[in-house]
Amino acid sequence: MPSHNPRTIAEAIDVCRQRLRGISGTPWLDARLLTQHVTGLDASAVIAYGDAALDARRRSRLFDLTERRAAGEPVAYLIGHKGFCGLEIAVDRRALVPRPETEELVALCVEDWKGKAPAIAELGTGGGAIACALAHLLPNASITAGDSSIDALELAAHNVNALGFGEQVTLVHSDLFDAFPQSTYDVIIANLPYVAMQDLKSLEPQVQEHEPHDALFAGADGLDTYRRLLEQAPARISTGGTLYFECGPYNALALGDQVRQAFPGAQVSVHRDAAGLERMVRCSTGSS
Ligand code: GLN
């Protein structure tokens with residue numbers, strides 16, 4: 001790499017794209033994001049100024065990053081941020097890269113609580129993406145977000161402060177609800193680890209080799225952490241409150257059943273994501 005020495009931004013994007021073909025599922029997007037990162041240009045400028053020269057230092061930086069991408073590092077870790085619900089969230093190896101399907105979990109919650117002022121508990125916040133997105137989209141909500149990983153919480157604190165949500169979001173170092181300050185919350189939302197340990201090998205290499213395993217795996221069926229949460233959640237939800245959980249298409253129905261057992265009489269629904277996969281469980285304890 002490279003097969004020839006590209007002189008312009010457009011040529012450099014093309015060389016990177018070719019390098020990532022067959023390796024990344026999104027070679028052109030990856031090439032564009034890495035080029036944006038080394039040039040400091042935004043998505044439209046990097047296209048509009050395609051004919052501009054790329055100096056040797058930036059070119060070599062771009063090719064280094066492209067090689068790391070080719071070796072499996074997620075783009076978001078290479079460039080240090082990821083778009084999520086209209087925010088740019090800082091990301092690194094301390095937490096999972098926020099996923100587009102998790103934006104749908106946020107959307108499900110926001111649809112229910114738009115214009116209201118719920119007290120929200122987020123369990124397993126990682127780098128704080130869900131908490132920040134909820135603060136952004138529900139400006140009257142107050143959010144307490146916890147994680148058992150101090151490293152992840154440091155990243156979350158960076159995001160909460162950098163995005164200006166310090167007033168709205170409180171972070172707590174907590175194993176599930178253990179250190180949460182309020183007794184009950186109107187909303188409980190979580191994207192806990194849900195991958196079955198035996199599925200390690202079926203994850204994309206960029207996930208299994210680079211993202212924190214503590215945030216991914218939870219026992220033989222992937223539901224160990226959710227089972228522990230479901231022991232605590234009935235005592236921590238306010239009357240009429242709602243719970244929102246992300247899970248995998250392979251354990252959505254099982255999680256739905258466990259939620260029904262924990263909340264008899266509640267309305268429990270399993271929702272598909274934009275890819276058509278059963279991905280979310282919503283549990284409304286209220287009358288509607
Ligand atoms: N969606 C992630 C994956 O399959 C898993 C996230 C999680 O376990 N919470 O890679």
Side-chain angles (χ1 to χ4, degrees), residues 23-26 30 69 72-78 82-85 89 91-109 121-134 145-149 151-153 155-156 159 174-177 188-230 233 243-256 258-259 270-283:
I23 299 175
S24 162
T26 53
D30 293 4
R69 177 72 194 107
E73 277 187 65
V75 176
Y77 287 164
L78 294 172
K82 169 90 179 175
F84 185 80
C85 294
I89 303 286
V91 294
D92 61 32
R93 283 168 164 270
R94 289 175 288 183
L96 288 188
V97 176
R99 316 282 209 255
E101 51 269 30
T102 306
E103 295 182 316
E104 300 185 55
L105 183 75
V106 170
L108 201 61
C109 174
E122 193 217 341
L123 293 309
T125 192
I130 293 177
C132 290
L134 290 173
D147 205 286
S148 58
S149 159
D151 286 347
L153 280 174
L155 179 61
N159 277 314
S174 181
D175 178 38
L176 299 176
F177 268 113
I188 295 175
I189 186 165
N191 174 18
L192 292 174
Y194 58 72
V195 181
M197 202 57 221
Q198 75 233 24
D199 291 337
L200 171 69
K201 293 283 167 233
S202 65
L203 294 180
E204 293 172 63
Q206 69 163 24
V207 177
Q208 50 166 289
E209 282 160 29
H210 296 276
E211 298 197 85
H213 284 192
D214 286 356
L216 288 168
F217 299 107
D221 64 352
L223 294 177
D224 278 7
T225 316
Y226 273 115
R227 263 188 289 275
R228 287 205 299 123
L229 176 63
L230 286 171
L243 303 92
Y244 307 86
F245 300 143
E246 181 178 318
C247 56
Y250 35 83
N251 52 23
L253 295 180
L255 180 60
Q258 290 174 20
V259 172
V270 175
H271 298 253
R272 290 176 191 273
D273 64 16
L277 302 172
E278 284 164 331
R279 177 70 69 185
M280 292 154 277
V281 175
R282 176 181 179 278
C283 169

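Any value given below was found using the heavy atoms of this structure, including those in side chains, with hydrogens, waters and symmetry copies removed. Indexing begins at 1, ligand by ligand and atom by atom, following the structure's order.
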Requested in this report: May I have the step-by-step check of side chain to side chain donor-acceptor pair (under 3.5 Å) for H210 and R93, ending in yes or no?
Outcome: CA-CA 7 Å; H210 296 276; R93 283 168 164 270; 2.9 Å; yes
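- Between the side chains of D30 and S24, a donor-acceptor pair is found at a separation under 3.5 Å.
- The pair R94-D151 fails the salt-bridge criterion, with no side-chain N (NZ, NE, NH1 or NH2) lying under 4.0 Å from an Asp/Glu carboxylate O.
- Salt bridge annotation for E211-R99: present, with a cationic side-chain nitrogen under 4.0 angstrom from a carboxylate oxygen.
- Of the polar atoms of Y194, at least one N or O is found under 3.5 Å from an N or O of ligand 1, judged by distance alone.
- The distance criterion of under 3.5 Å between nitrogen or oxygen atoms is met by N191 with respect to ligand 1.
- Ligand 1 has A215 within reach: a non-hydrogen atom of the residue lies less than 4.0 Å from it.
- Of all protein heavy atoms, the one closest to atom 3 (C) of ligand 1 is R99 NH2, 3.6 Å.
- In this structure, the ring of Y226 has its center no less than 6.0 angstrom from the ring center of Y194.
- Every heavy atom of T102 sits 4.0 Å or more from the atoms of ligand 1.
- Short contacts between ligand 1 and L96, defined as distances under 4.0 Å to a heavy atom of the residue, involve ligand atoms 6 (C).
- Checked for salt-bridge contact, D175 and R228 meet the test: a charged N lies under 4.0 Å from a carboxylate O.
- Contact annotation for E211 and ligand 1: no heavy atom of the residue comes within less than 4.0 Å of the ligand.
- Only backbone heavy atoms of L192 (N, CA, C or O) come within less than 4.0 Å of ligand 1; its side chain stays farther off.
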